[in-house]
Structures are given as C-alpha cells and as structure tokens.
Amino acid sequence: MNKNQQRIAKEEADKLMAIPGNVKGAVILADLEYAHQKGGGKIIKEIKKRLKELGYPVDIEEIKPMEKYPEALSVLIILLIKEVLNLADEGIFEMGGASIKLSPFIKILTKYFVSPKKCFEQAPKYWEKYFDFGKIEPVEYNEKEGYTILRIIDYRFHPIICIFHKGYFTQVARIVTGKKVIKIEETKCVYRGDPYHEYFISWK
Amino acid sequence: MTNNNLDKIKKELQKTKEDLNDISSYLDDFSTFLPIAVCDLSPAGIIIHINKSFEDVSGFSALEIVGEHLTDIFLEKSKINKILNLTRRREIVKNQEFTLLAKDKKEIIVNAFFSARKSKESNLTGYFLGMIDISSLKELQNEIETKVKRKTKELESRTQEIAESRTALMNMLEDVEESRKALINMLGDVEEERGKAEEEKNKTLAVITNFADGLLVFDTEKKLSLINPRAEDFFSVKSGDLVGRPILELSTFPTVEPVVKLVGGEIKGVFRKEVQIGESLILEVSTIPMIREEEELGALIILHDITREKMIERMKTEFVSLSAHQLRTPLSAIKWTLRMLLDGDLGVITDEQRDFIEKTYKSNERMISLINDLLDVTRIDEGRYLYKPILTDLEPICQFVINSCQEEAERKKLKLKFKKPEEKLPKAIVDVEKIKLAIQNLLENAIRYTKSGGEILVSLRHLKKEIEFSVRDTGIGIPKNQQARVFTKFFRAANVIRMETEGSGLGLFITKNIIEAHGGKIWFESEEGKGTTFYFTLPVKEEFGEFLKEF
C-alpha cells in the first residue's frame with residue numbers, strides 16, 4: 001500500500017453507510033470484476049476481509065445483478081478497491097470506465113447508446129434503472145460542436161465518485177461517439193459548494 | 001391498493017428479480033461456455049462486450065478491448081466498415097474472412113458473422129459479431145492450395161511437355177511422311193538406277209566375257225572374284241574352281257602359278273611383264289589397282305597373249321642375228337683386205353688411192369660397229385647378253401675408257417676430266433666388257449654432242465649401297481619433248497640428226513640394258529643448249545648378290 005494511502009477508518013465507513021439510496025447489484029459486480037481482473041481472487045478476499053473489519057460483512061459472491069444494494073456499500077467497495085489495489089486517481093477513472101466495460105448488464109442497455117443524442121436524451125431513464133435516488137439531468141447537447149453537459153443532482157457520498165463518474169461518462173461518450181479523444185471536466189461539484197455535479201464532455 | 005395486493009406484487013417482483021438473476025447467471029455461463037468468439041458492438045462499431053472465447057482468441061481482456069473500435073483489432077479496416085454498413089441493411093452477413101490482430105501481434109484468420117441489433121422501432125441499437133478462428137483451417141487450406149498449385153503447375157508443365165512432345169511428334173510424323181515420300185521417290189530413282197546399273201553390269205560383263213585379254217579381278221582381301229572366259233582358256237581352268245580363292249592359293253594350279261609368282265600375294269604393281277605359261281603361251285601381265293573415289297576396291301590383272309608377237313620378234317631377232325653374222329664375215333674380209341692395202345702389203349698405193357681406201361675403211365668400220373651393235377641388241381632381246389660377271393673395281397674400268405677417248409676429246413678441243421672418288425670404292429660384280437661398253441657409249445655421246453671448247457666431267461662416288469657413275473657435258477642437250485624416248489631402239493634426237501653426226505641410235509638402248517642387267521638404274525638430266533648428265537648406279541657386292549638370286 002502507498003504510504004500516502006490511508007486505510008478506511010471504521011468511523012468513515014459508518015458515516016458513509018448511513019447515507020441512504022440504493023443501486024443495482026450489477027454496478028457493484030462490475031467494480032468487483034475490475035478488482036478481480038487487476039488483482040485476482042486474493043483481492044476479492046481482501047475486500048471481504050476489510051468489509052468484515054469495518055463491520056459490514058457482505059458475502060460479495062452472492063451479490064445479484066438485479067437486486068438493489070446500498071449505494072453507500074458500492075462506494076465503500078470502491079474505496080476498499082482503491083485501498084487494496086493502491087490506486088491513484090487514474091485508477092479510479094479507469095475503474096469508472098471499466099464499470100461500462102465489465103458490467104454483464106451493459107448489453108441490455110446498449111439501446112441507449114444508439115447515438116450520442118439518443119444517449120443524452122435517455123440518460124435520466126438509464127439512471128433510474130440503476131438508482132432509486134437522485135437523478136441525472138441532460139443540460140445541453142451540441143452535435144455540431146461535439147459536446148454535451150450533464151448534471152447529477154442529489155448525489156453526495158464521497159468525492160472519489162466524482163473521478164469515478166468522469167471515467168464512466170468518458171467511456172460512455174467513447175462508445176456512443178466512436179471517437180478516440182474524449183475530454184471531460186467536472187465544472188461544478190457539490191464538494192466545491194455547488195448545488196450539483198456538472199460535467200462538460202466534448203469529443204473530436 | 002390493499003396490503004394483500006401490495007404483498008402479492010412485492011412477491012411477484014421478487015420472483016421476477018430472481019428469474020432475472022437466474023437468466024443473468026445462465027447467460028454468463030452460456031457466454032463463457034460458447035466456443036464461438038462473440039462481441040457486441042455499438043451502432044458506431046465500438047466494442048461494448050466480449051465473451052470468454054473472444055478473450056481467448058484475441059488475447060485481449062474485456063477491460064482492454066471494450067470501448068475500442070472494431071477496426072482497431074482487424075487488418076481489413078475499410079472492409080469492416082463496409083460490412084457493418086451492409087449488416088445494417090441486410091441484418092445478417094455471414095462468412096466474411098478477416099484478419100484479427102491479436103494482442104500478441106499475431107494475425108489470426110477468422111470467419112466472421114455479423115448481425116444487426118434493432119429496437120422495436122427498427123432503430124439500429126448495435127451489432128453482434130461472431131467469429132471462428134480458422135487459422136488452422138486456413139493453414140490447411142493454404143497448404144492444400146499450395147499443393148494443388150504445385151500439382152497444377154506440375155500438371156501444366158507436364159501438359160506443356162506433352163503438348164510439346166505431341167507437336168514434336170507431329171513434326172516428326174510430318175518429317176517421316178516427307179521422308180517416306182522422299183524415300184519412295186528415292187526408291188523409284190534407285191530402281192531406275194539399279195536397272196541402269198544392271199544394264200551397265202550386263203554390258204560390262206559382256207565386254208569382260210568377250211574381252212580379247214584375260215582378266216582376273218581380285219577383291220580387297222585378294223580373293224579372286226571374277227575370271228573371264230579368255231583367262232580360263234589361258235590357264236585351262238574353270239571359273240568355278242578358282243573364284244573365291246585367295247591369290248596365293250591359285251598357285252596350286254600349275255598354269256596360274258607363274259602369274260601368281262610374278263605379282264605376289266599382295267598383287268604388286270606390274271606393267272607388261274612377260275610370263276611363260278607352259279611351252280607355247282606367253283602372256284604379258286599388267287596389274288591395275290581398282291580405286292573409286294580414293295576407296296580401294298581390289299585389283300585387276302590383265303593378261304595379254306603376246307605369243308604371236310614374241311614368235312615374230314624372235315624370228316626377226318634370229319633374222320637380224322643371222323643377217324648380221326652373214327654380213328660381218330664379208331665385212332671382216334673387206335676390213336682386212338683394206339688394211340693390207342693401206343699397210344702396202346699389196347703394193348705401193350698413191351695418196352689419192354690411200355685417201356679413198358681410208359674412207360672406205362672407216363665406212364667399213366662403222367658398218368662393223370653397227371653390225372656389232374645389232375648383234376648386241378639381238379643378244380639383249382634373246383636374254384643372253386650377260387656373260388662373265390666378276391668382282392672387280394670400277395675405277396680402273398672408267399680410267400681405261402677415259403684414256404681410250406682422250407685422243408678424240410683433245411681432237412675436238414674438249415676438256416675431259418675424271419673426278420675420282422676421295423675414298424676407295426667397294427668392288428662390284430660386273431661383266432667388265434659390257435660395263436666398258438656402257439661407259440664408252442655414254443662418254444662417246446658426250447664427246448660427240450659437245451661442241452669444241454666444252455667440258456666433260458666423269459665422276460664416280462660411293463652412295464649408301466651402290467656406286468654412282470656420271471658423265472656431265474656442256475653439250476647440245478636433249479629436247480624436253482623427246483627425253484622420254486632416249487633409251488628406245490634407234491632413237492636419235494632431232495638436234496642430233498641436224499648435226500649429221502655418226503650414230504646408230506642403239507647405244508643408249510644397249511647401255512640401259514647393260515646397267516639393268518647388272519641390277520642398276522640409269523637416268524639423265526638434260527637441258528637443251530646447256531648440257532646433259534647421264535647417271536647410272538650399280539649395286540655393291542651384297543646387293544648384287546641378292547640381285548643375282550633372281551637369275
């Protein structure tokens with residue numbers, strides 16, 4: 001582990017786990033698959049061990065893609081993956097993209113990836129299929145200029161997820177635009193005092 | 001909504017979730033098991049999902065490849081786009097061969113199937129791509145194709161060879177046909193020529209059969225191949241008894257033996273040699289080698305019956321001999337009578353009388369000399385000329401003759417020299433009187449036909465196996481066109497006749513016969529107006545001994 005990498009403390013975990021809101025197991029499974037691919041079976045065991053240590057013993061092999069689980073658990077698992085794999089921000093960004101790549105349910109949702117515009121329009125529905133809290137709001141789509149602006153409202157779990165979402169959106173934009181170069185910037189963030197998260201995504 | 005209904009709905013929802021999870025698990029298992037590499041593509045051609053087989057074939061994990069464009073992992077990039085467009089229209093495109101660029105840079109040949117995914121509203125939502133690694137099959141195919149190509153090439157080559165052989169064969173057949181026609185023409189010509197040849201042969205046979213001379217034809221192995229009727233008569237034999245026998249075997253026939261003895265086993269060159277067959281037949285034998293275009297075909301012996309000529313000649317010789325003897329007796333009487341008159345034994349005579357008597361005496365002497373020459377010639381003709389051969393030195397004989405001619409040479413103011421050999425000459429077996437006569441004839445000719453002031457040189461020298469005698473003069477020479485007749489009887493050159501000198505024309509004939517009777521050779525070199533040199537050689541003792549064996 002990186003010397004600068006701090007282990008998740010019990011208090012921090014408890015505080016996180018107290019935040020309400022659920023997500024479908026498919027999202028958690030995608031993150032765990034990423035960890036598995038990066039570190040193998042021992043990483044999964046380590047995460048299980050850490051969850052237990054933090055007072056949240058979860059049989060992660062039993063997580064079902066269509067069942068709902070606390071989003072807080074999903075975020076805690078991301079934090080633990082970061083911890084055990086000693087990931088920097090780039091790793092978190094990659095993991096966000098991997099969520100698209102490795103999710104077994106992603107194929108069901110490809111109908112939302114027909115075109116950038118369609119994807120932009122369908123984003124709220126997509127969000128609702130996975131989350132039972134907050135929402136995603138399409139603000140602007142400019143096909144000619146090649147950019148879009150999205151907002152995530154009522155989502156406040158951990159700042160690491162801002163990076164995770166940047167990776168996620170970047171990968172989605174790559175899939176729907178077919179472009180190699182995607183730029184993303186979080187122009188507004190609740191942790192910087194803004195009322196929501198806002199992302200400016202552009203492509204060439 | 002009542003609580004019961006709500007519970008019922010929750011239970012149904014839970015069952016549905018469980019079914020979905022089961023379906024998800026089943027799909028995962030199925031996807032993992034599926035031996036065909038499968039991937040989902042976005043409408044933009046971005047890879048959004050791959051199964052386990054895809055990972056195995058490409059070497060890429062989902063993490064590495066999802067999000068990449070399909071063209072990134074295939075060699076035929078433009079074809080991928082075309083196929084995706086085609087799939088969009090047709091929904092399914094099968095059996096497309098592509099080259100997958102695996103993670104390890106290996107190029108894998110795959111057979112790909114494309115299927116378009118569409119929403120209920122028929123909007124394109126993406127594609128399915130299934131592919132099978134056919135590298136092994138491709139290798140096998142390539143191997144088979146290579147083999148087929150090689151075999152095809154071999155077959156083509158063989159076909160080409162066969163075609164060429166066929167063409168060559170056809171050409172050969174044409175050539176053969178032409179040759180056949182040419183051969184038929186040639187056969188026609190040959191038949192015609194054969195007819196002509198047969199005719200010629202018949203003519204030749206007729207000529208040979210009716211030829212007045214006897215003919216014996218020998219092949220290259222010296223076997224008698226033909227004897228004409230005239231020769232059968234000469235030898236009193238039948239053709240069937242002789243033909244096919246080697247020449248030496250023919251000597252077993254007594255009548256043929258003299259001819260065989262003359263020509264020998266090799267049928268040596270003979271020209272007009274006489275052979276006595278029995279008591280009453282004399283044949284003149286000549287041999288002719290039969291040569292056509294430098295190829296020796298055999299030899300021909302021509303037998304000419306000269307019995308009658310020889311009889312006439314003998315009668316003539318006998319007549320000349322008898323006449324000469326008859327003439328010499330009165331001439332001798334005249335000689336001695338004239339001698340007595342000149343010597344004054346019969347009384348004193350006047351000068352005028354002496355002059356007449358001396359002229360008569362000289363004429364008588366010439367007559368006697370001519371008679372002697374004629375007698376010599378008859379003896380030569382009769383083959384009884386060589387009487388007394390003895391072993392002796394030639395030099396004194398020469399010296400004697402030179403001395404006897406010296407007075408006449410001086411009278412004509414000629415320089416007569418004798419160049420003696422530096423070393424002593426070996427002895428030779430000679431008839432001294434005859435050799436003296438031969439030398440005398442040559443020397444007298446030299447004196448007679450050399451004008452005053454000329455030179456005569458007599459030489460003797462020892463060659464390897466013989467002694468060479470020569471008389472060189474600076475006389476009138478012998479005309480070129482008459483040189484061939486110099487040694488014949490009664491020959492006198494035109495320029496000699498013009499000089500009105502004495503001479504019977506028998507001297508050189510006698511000389512030649514004397515020398516040849518000694519086993520020697522005689523010849524001359526002459527240029528009209530410049531002089532003549534006569535040579536003869538005589539074999540020294542050993543050679544002469546061999547020569548005598550022939551007599």
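Quick note on labels: first sequence line is chain A, next is B, and so on, each numbered from 1.
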Open item on the list: Heavy-atom cut-off 4.5 Å, strictly under: side chain, backbone, both or neither for A:E67 against chain B?
Closed with: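 Both parts, heavy atoms under 4.5 Å.
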Task: From B:S61 atom OG to A:E33 atom CD, the distance as rounded to the nearest 0.5 Å - done: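 One finds 9.5 Å between OG of B:S61 and CD of A:E33.
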- [ ] Rounded to the nearest 0.5 Å, what's the gap from NZ on A:K179 to NE2 on B:H69? Could you check?
- [x]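 Atom-to-atom, A:K179:NZ and B:H69:NE2 are 9.5 Å apart.
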TODO: State, with a plain yes or no, whether a side-chain heavy atom of B:L63 is found less than 4.5 Å away from one of A:K38.
DONE: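 SC-SC contact between B:L63 and A:K38 confirmed.
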Which pair of non-hydrogen atoms, one from [X] and one from [Y], has the smallest distance, and what is that distance?
| X | Y | answer |
| --- | --- | --- |
| B:I48 | A:I175 | CG2-CG2, 3.3 Å |
| B:G67 | A:Q171 | CA-NE2, 3.0 Å |
| B:A44 | A:V176 | CB-O, 4.3 Å |

Open item on the list: Around atom NZ of B:K77, are there more than 12 heavy atoms from other residues, nucleotides or ligands closer than 6.0 Å?
Closed with: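 Yes, NZ of B:K77 has more than 12 neighbouring heavy atoms, counting only those of other groups under 6.0 Å.
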TODO: Determine, stepwise, if the pair A:L102 / B:V66 fulfils side-chain contact (heavy atoms from CB on, under 4.5 Å).
DONE: CA-CA 8 Å; A:L102 303 176; B:V66 171; over 6 Å; no
Task: Pair A:K180 + B:E68, salt bridge at N-O below 4.0 Å - done: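 Salt bridge flag = yes for B:E68 with A:K180.
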Task: B:L124, part contacting chain A, at a heavy-atom distance under 4.5 Å - done: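 B:L124 touches chain A through backbone heavy atoms alone.
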Open item on the list: Shorter than 4.5 Å, heavy atoms on both sides: which option in B:I50, B:T16, B:D72 has the most such pairs with chain A?
Closed with: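 Top option by heavy-atom pairs under 4.5 Å: B:D72.
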